[in-house]
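Data block below; observations after.
Not measured: the values here are computed from a predicted model. Residue indices begin at 1 and follow the sequence shown.
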Amino acid sequence: MDSIMRRCRNCGRYTMRKDKCPYCGGELEVPHPPKYSPDDKYGKYRLIMKIMSGKIRLNQDIINAIISGPPSPKTQ
């Protein structure tokens with residue numbers, strides 16, 4: 001289901017247009033968050049993309065831990 005309402009990234013105004021903001025000509029985005037699921041299959045990948053785009057800044061050790069996943073159990 002496609003959302004009708006859009007929000008301008010530049011001025012923050014809401015509109016129902018889909019191409020550009022009628023007030024400032026800025027880029028539009030859907031203001032609603034995605035539906036939550038406890039079995040989020042792609043959450044790790046969204047987090048990695050936010051880190052790569054610079055929206056989230058983390059220590060390099062934390063980034064490496066997120067990318068590599070949980071530590072494997074040690075065998076003796």
Side-chain angles (χ1 to χ4, degrees):
M1 182 173 175
D2 192 26
S3 178
I4 296 174
M5 188 175 293
R6 307 276 186 211
R7 183 173 182 264
C8 179
R9 290 186 179 186
N10 293 337
C11 65
R13 291 184 175 178
Y14 291 91
T15 183
M16 288 196 273
R17 290 182 62 178
K18 292 190 176 189
D19 53 350
K20 64 179 181 175
C21 178
Y23 304 103
C24 70
E27 186 178 340
L28 299 175
E29 65 183 0
V30 177
H32 309 293
K35 187 175 178 181
Y36 174 75
S37 170
D39 301 327
D40 191 3
K41 299 176 187 175
Y42 304 105
K44 176 181 175 181
Y45 301 108
R46 277 196 301 278
L47 180 60
I48 291 171
M49 292 306 296
K50 286 180 183 178
I51 291 169
M52 290 174 64
S53 69
K55 289 185 178 181
I56 298 176
R57 298 188 189 274
L58 297 173
N59 189 343
Q60 190 63 37
D61 297 334
I62 297 172
I63 294 171
N64 292 337
I66 291 170
I67 293 172
S68 65
S72 59
K74 295 180 181 178
T75 58
Q76 296 186 19

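To the nearest 0.5 angstrom, R6 atom CZ is 10.0 Å from E29 atom CD.
More than 12 heavy atoms of other residues, nucleotides or ligands lie within 6.0 Å of NZ in K44, so this atom counts as buried by the packing criterion.
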Determine all donor-acceptor pairs shorter than 3.5 Å in which one atom belongs to a side chain in residues 56-66; sequence neighbours excluded.
{"from": "N59", "atom 1": "OD1", "to": "D61", "atom 2": "N", "distance (Å)": "3.4"}
{"from": "Q60", "atom 1": "NE2", "to": "N64", "atom 2": "OD1", "distance (Å)": "3.2"}
{"from": "N64", "atom 1": "ND2", "to": "Q60", "atom 2": "O", "distance (Å)": "3.3"}

Contacts table for residues 35-43: side-chain donor-acceptor under 3.5 angstrom, sequence neighbours left out:
{"from": "S37", "atom 1": "OG", "to": "D39", "atom 2": "N", "distance (Å)": "3.3"}
{"from": "D40", "atom 1": "OD1", "to": "Y42", "atom 2": "N", "distance (Å)": "3.4"}
{"from": "D40", "atom 1": "OD1", "to": "G43", "atom 2": "N", "distance (Å)": "3.3"}
{"from": "D40", "atom 1": "OD1", "to": "R46", "atom 2": "NH2", "distance (Å)": "3.1"}
{"from": "D40", "atom 1": "OD2", "to": "R46", "atom 2": "NH2", "distance (Å)": "2.6"}

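Scanning for side chain to side chain donor-acceptor pair (under 3.5 Å) contacts around R13 gives an empty result, with sequence neighbours left out. Looking at residues two or more places apart in sequence or on another chain, you find a salt bridge (charged side-chain N to carboxylate O under 4.0 Å, His left out) between R17 and D19. Residues satisfying the side chain to side chain contact (heavy atoms under 4.5 Å, CB included) test with M16, not counting sequence neighbours, are I4.
Minimum heavy-atom separation, N10 to G26: ND2-CA, 3.2 Å.
Looking at heavy atoms from C-beta onward, C21 lies in side-chain contact with L28 at the 4.5 angstrom threshold.
Cluster partners of Y14, by chain and number: M5. The rule joins Ile, Leu, Val, Met, Phe, Trp and Tyr whenever side-chain heavy atoms lie under 4.5 Å apart.
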